[in-house]
Amino acid sequence: MKIGPSIMCANLLRLQDELNYVSQADWLHIDIMDGYMVPDFTFGIEATEQILNYSSLKSEIHLMSKSPLEHVEQYVKLKPDIITFHPEVLYDPLRVVYKLKEAGIQTGIAINPSIPIVALNEVIHQVDRVIIMGVNPGFIGQKLLKASLTKSLHLADIIKQKGLNTDIILDGGVKLENLKEIYEHKVDGVVVGTGIFHHNLGTEAALKAFKHTAK
Ligand code: DX5
Ligand code: ZN
């Protein structure tokens with residue numbers, strides 16, 4: 001199971017050190033929040049560009065925006081490896097998927113706890129990954145909603161039935177203590193924020209512990 005630290009949870013006063021501490025992760029997860037779709041704000045274009053230029057990890061932008069069609073243009077220019085957006089905010093989410101494919105960027109869709117898996121039926125075959133939110137996005141350090149694990153099993157069945165190889169990612173509420181249970185629910189990768197950056201082991205040792213447990 002792959003590990004993707006969520007850099008919004010890092011000690012931003014020591015961002016460069018924190019990026020170094022997680023340089024052995026499988027990918028870097030950068031949360032972008034517009035203050036509408038979720039009540040918080042995080043990184044703008046300039047800060048995101050600096051993070052992407054500094055880190056050599058595979059990069060994912062998690063675009064929590066109520067206007068992904070408008071905002072995606074700006075983040076595509078930064079050439080991350082993956083852009084993941086929330087389809088429930090659009091009448092036609094495929095318009096964002098086509099823009100990303102045109103730009104040669106891998107596509108991800110993320111669904112909030114209130115959105116059922118069936119809502120993905122018409123788009124899942126067009127994307128590289130699905131993020132199942134383990135929490136209602138917007139705040140760090142929340143408790144994992146167990147219903148998200150049931151969704152993961154349901155999604156894994158659909159992916160198998162359709163013969164797809166879409167990755168299932170769980171984002172939010174992932175801790176060392178629940179990692180094994182998450183793995184047993186067919187999750188391919190986890191986004192981890194406070195579970196790594198606020199761990200009393202320290203960031204680098206916490207990531208090592210996650211990689212060891214996720215084996
Ligand atoms: C939801 C974000 C997550 C969050 C994870 O707010 O999409 O990536 O930063 O933080 P933890 O792991 O602490 O729930
Ligand atoms: Zn996220």
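Predicted, not measured: the structure shown is a model, and the values here were computed from it. Counting starts at 1 for both ligands and their atoms, following the listed order.
For the pair OD2 of Asp171 and OD1 of Asp31, the angle at the Zn ion (ligand 2) is about 180°; rounding is to 10 degrees.
Regarding atom 13 (O) of ligand 1, its nearest protein heavy-atom neighbour is Thr194 OG1, 2.5 Å. Protein heavy atom in closest approach to atom 6 (O) of ligand 1: Gly138 N, 3.0 Å.
The Zn ion (ligand 2) sits nearest to atom NE2 when only the N, O or S atoms of His29 are considered.
Although no hydrogens or angles enter the test, the distance criterion places a donor-acceptor pair under 3.5 Å between the side chain of Ser59 and the main chain of Asp81.
Of all the heavy atoms of Met33, the ones lying under 4.0 Å from any atom of ligand 1 belong exclusively to the side chain.
Around CZ of Phe43, the count of heavy atoms belonging to other residues, nucleotides or ligands within 6.0 Å exceeds 12. For Glu122, the CD atom is loosely surrounded, since the number of other residues' heavy atoms within 6.0 Å does not exceed 12. In Lys175, the NZ atom is crowded: over 12 heavy atoms of neighbouring residues, nucleotides or ligands sit closer than 6.0 Å. No more than 12 heavy atoms of other residues, nucleotides or ligands shown are found within 6.0 angstrom of CG on Asn165. Counted within 6.0 Å of NZ on Lys211, heavy atoms from surrounding residues, nucleotides or ligands total more than 12; the atom is thus considered enclosed.
Residue His198 places no heavy atom under 4.0 Å from ligand 1.
Residue Gln142 has no nitrogen or oxygen atom sitting less than 3.5 Å from a nitrogen or oxygen atom of ligand 1, judged on distance alone.
The atoms of ligand 1 that sit less than 4.0 Å from any heavy atom of Val191 are 8 (O). Counting atoms of ligand 1 from 1 in the listed order, those under 4.0 Å from a heavy atom of Phe139 are 6 (O). Shown in contact with Gly173 at under 4.0 Å from a heavy atom are these atoms of ligand 1, numbered in order with element: 11 (P), 12 (O), 14 (O). Distances below 4.0 Å separate heavy atoms of His29 from the following atoms of ligand 1: 8 (O).
Comment: Lys77 does not engage Glu49 in a salt bridge, judged by the lack of any side-chain N to carboxylate O separation of less than 4.0 angstrom.
The option from Cys9, Ala110, Pro137 that lies nearest to atom 10 (O) of ligand 1, judged by heavy atoms, is Cys9. One option in Ile140, Asn136, Ile32, Asp171 has a heavy atom closer to atom 3 (C) of ligand 1 than any other, and that option is Asp171. Closest heavy-atom approach to atom 2 (C) of ligand 1 among the candidates Val135, Asp31, Ile30, Leu170: Asp31.
In this structure, NE2 on His29 lies 9.5 Å from CD1 on Ile169, to the nearest 0.5 angstrom.
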